[in-house]
Amino acid sequence: TRLVFDPMRNESSPLRRANSYSTIQSSGLFRCTVSSALLSGFGIIFGGGLSSFLAAAHCHARFPTIEQVQNAGATLYSTSTIADRVDVFISHSWSAGRWGKYL
């Protein structure tokens, strides 16, 4: 079963600002990824700081150059695709720890 999310439905919409969703979606900024990519490396992407970001992109430089950081961003971005809907939306708190998000 696919969950269909219609942000333009009436005022009972779960979105606070449905128009902002439409703007993001129409500009191609609404992106999604598969759960295996999100949870790879035991959810390393949810770790804090630059080192977790780089590790999620398989860059293990101790002192990365700007180019390595940019390449890591491009690598992670390439794991997502433009979407008009998602089956499941996973939200999290940036202040929560990595393991809580992963589990």
Trainee: Surrounding CD1 of I66 (heavy atoms of other residues, nucleotides or ligands, distance under 6.0 Å), is the total greater than 12?
Mentor: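 Not more than 12 within 6.0 Å, no.
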Trainee: Could you pull out the closest heavy-atom pair between I82 and G28, with the gap in Å?
Mentor: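 Result for this residue pair: CG1-O, 3.7 Å.
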Trainee: Holding to side-chain contact (heavy atoms from CB on, under 4.5 Å), I want the full list of residues that pass it with T65, two or more places apart in sequence or in another chain.
Mentor: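 Checked T65 against side-chain contact (heavy atoms from CB on, under 4.5 Å); matches are E67, Q68.
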Trainee: Less than 3.5 Å apart, which donor and acceptor atoms pair up between the side chains of residues 37-62 and the rest of the protein, not counting sequence neighbours?
Mentor:
residue	atom	partner	partner atom	Å
S40	OG	A37	O	3.1
S52	OG	G48	O	3.4

Trainee: With side chain to side chain donor-acceptor pair (under 3.5 Å) as the rule and sequence neighbours excluded, what pairs involving residues 26-35 come up?
Mentor: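 Sorted result for residues 26-35: R31-Y77, R31-S80.
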